[in-house]
Amino acid sequence: QVQLVESGGGLVQAGESLRLACAVSGRTFSSYSVGWFRQAPGKDRDFVATISRSGGSTYLADSVKGRFTISRDNAKSTVYLQMNSLKPEDTAVYYCAARESTNWSTQQYNYAHWGQGTQVTVSS
């Protein structure tokens, strides 16, 4: 069984930064590509960023390109989402998800394992 635990959320002001972490346990971490998704109040859950299992390939949503980066440390079984220049519209619950595949995916249905989420609130 794979477990994912997100951390690093919080309340910040616009323009500030946060780094989210997704710790993965239970199986061989390097077997999984990982994605980040977010859900704002009253809205659907949307794709944010994803990284291949090697870390050699990443993809980010247009809304966060140039501000967010995704990385992974396979030795620590952790994926990071560095969020800079945060905006109020980035306010959401952020979820990480894992799929047992070489390649990343932007589609939620491709991910079998999900964390519980961490709240990010950006004030103006």
Side-chain angles (χ1 to χ4, degrees):
Q1 188 72 12
V2 179
Q3 294 87 37
L4 294 86
V5 178
E6 302 95 337
S7 62
L11 171 63
V12 297
Q13 293 188 332
E16 294 184 339
S17 299
L18 280 174
R19 187 177 77 159
L20 304 184
C22 173
V24 182
S25 62
R27 296 287 294 272
T28 305
F29 177 68
S30 59
S31 298
Y32 292 87
S33 62
V34 175
W36 284 97
F37 297 81
R38 67 186 181 185
Q39 188 167 22
K43 296 188 177 181
D44 293 334
R45 189 161 57 186
D46 292 329
F47 165 75
V48 177
T50 183
I51 189 166
S52 63
R53 67 182 188 183
S54 71
S57 179
T58 64
Y59 187 77
L60 290 92
D62 288 343
S63 59
V64 305
K65 281 180 182 176
R67 300 188 299 122
F68 292 11
T69 56
I70 186 171
S71 62
R72 65 190 292 158
D73 184 339
N74 282 357
K76 295 183 178 179
S77 298
T78 301
V79 171
Y80 302 98
L81 185 68
Q82 178 67 43
M83 306 187 295
N84 299 329
S85 303
L86 283 161
K87 304 175 181 180
E89 51 264 44
D90 294 317
T91 295
V93 177
Y94 284 70
Y95 300 89
C96 65
R99 65 190 294 254
E100 195 166 8
S101 173
T102 300
N103 301 316
W104 51 255
S105 173
T106 65
Q107 302 301 313
Q108 297 182 50
Y109 57 76
N110 281 331
Y111 291 85
H113 310 285
W114 290 81
Q116 294 300 306
T118 185
Q119 176 71 47
V120 172
T121 304
V122 185
S123 64
S124 59

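Count residues from 1 along the sequence.
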Please walk me through it: do Q82 and T69 pass side-chain hydrogen bond (donor to acceptor under 3.5 Å, both in side chains)? CA-CA 5 Å; Q82 178 67 43; T69 56; 5.9 Å; no
Side chain E6, main chain C96, donor-acceptor under 3.5 Å: yes
Within a 6.0 Å radius of atom NZ on K65, are there more than 12 heavy atoms belonging to other residues, nucleotides or ligands? yes
For Y32 and L4, run side chain to side chain contact (heavy atoms under 4.5 Å, CB included): C-alpha distance rounded to whole Å, both residues' side-chain angles, the deciding distance at 0.1 Å, then the answer. CA-CA 12 Å; Y32 292 87; L4 294 86; over 6 Å; no
When rounded to the nearest 0.5 angstrom, what distance separates CD1 in I51 from CG in L81? 10.5 Å
How long is the gap from OG1 on T28 to CZ on R53, to the nearest 0.5 Å? 10.0 Å
Kindly give the heavy-atom pair with the smallest separation between V120 and G9, and that separation in Å. CG2-CA, 4.1 Å
Go through the structure and list residues passing ring-ring contact (aromatic ring centres under 6.0 Å, His included) with Y95, not counting sequence neighbours. none
Regarding S31 and E100, do their side chains bring together a donor and an acceptor under 3.5 Å, going by distance alone? no
Between Y59 and F47, how do the two ring planes meet: parallel, tilted or perpendicular, split at 30° and 60°? parallel
Give the C-alpha distance, both sets of side-chain angles, the deciding distance and a yes or no for side chain to side chain contact (heavy atoms under 4.5 Å, CB included) between W36 and F68. CA-CA 11 Å; W36 284 97; F68 292 11; over 6 Å; no
Note: N110 and S105 closest approach over all heavy atoms is ND2-OG, 2.7 Å
Going by the rule salt bridge (charged side-chain N to carboxylate O under 4.0 Å, His left out), which residues pair with D44 if we only count those two or more places apart in sequence or in a different chain? none
Distance-only, no hydrogens or angles: does the R67 side chain make a donor-acceptor pair with backbone N or O of S85 under 3.5 Å? yes
Taking every heavy atom of L18 against every heavy atom of L86, the minimum-distance pair comes out as N-CD1, 3.9 Å
What's the shortest heavy-atom distance between A49 and L60, and which atoms? CB-CG, 4.0 Å
Where is the tightest heavy-atom contact between V122 and T91, given as atom of each residue plus distance? N-OG1, 2.9 Å
Residues two or more places apart in sequence or in another chain: which of them pass salt bridge (charged side-chain N to carboxylate O under 4.0 Å, His left out) with K87? none
Between V2, D73, T78, V24, which is the residue that forms a side-chain contact (heavy atoms from CB on, under 4.5 Å) with F29? V24
Determine yes or no for a side-chain-to-main-chain donor-acceptor pair under 3.5 angstrom, with S33 supplying the side chain and T102 the backbone. no
Under the salt bridge (charged side-chain N to carboxylate O under 4.0 Å, His left out) test, residues paired with R19 that sit two or more places apart: none
Counterpart residues, side chain to side chain contact (heavy atoms under 4.5 Å, CB included), relative to S57 (two or more places apart): S52, W104
Could you state the interatomic distance from OG (S123) to CD (E16), rounded to the nearest 0.5 Å? 7.5 Å
Between the main-chain N or O of A92 and the side-chain N or O of Q39, is there a donor-acceptor pair closer than 3.5 Å? no
Residues M83 and L20: closest non-hydrogen pair is CE-CG, 3.7 Å
Residues in salt bridge (charged side-chain N to carboxylate O under 4.0 Å, His left out) with R38, at least two apart? D90
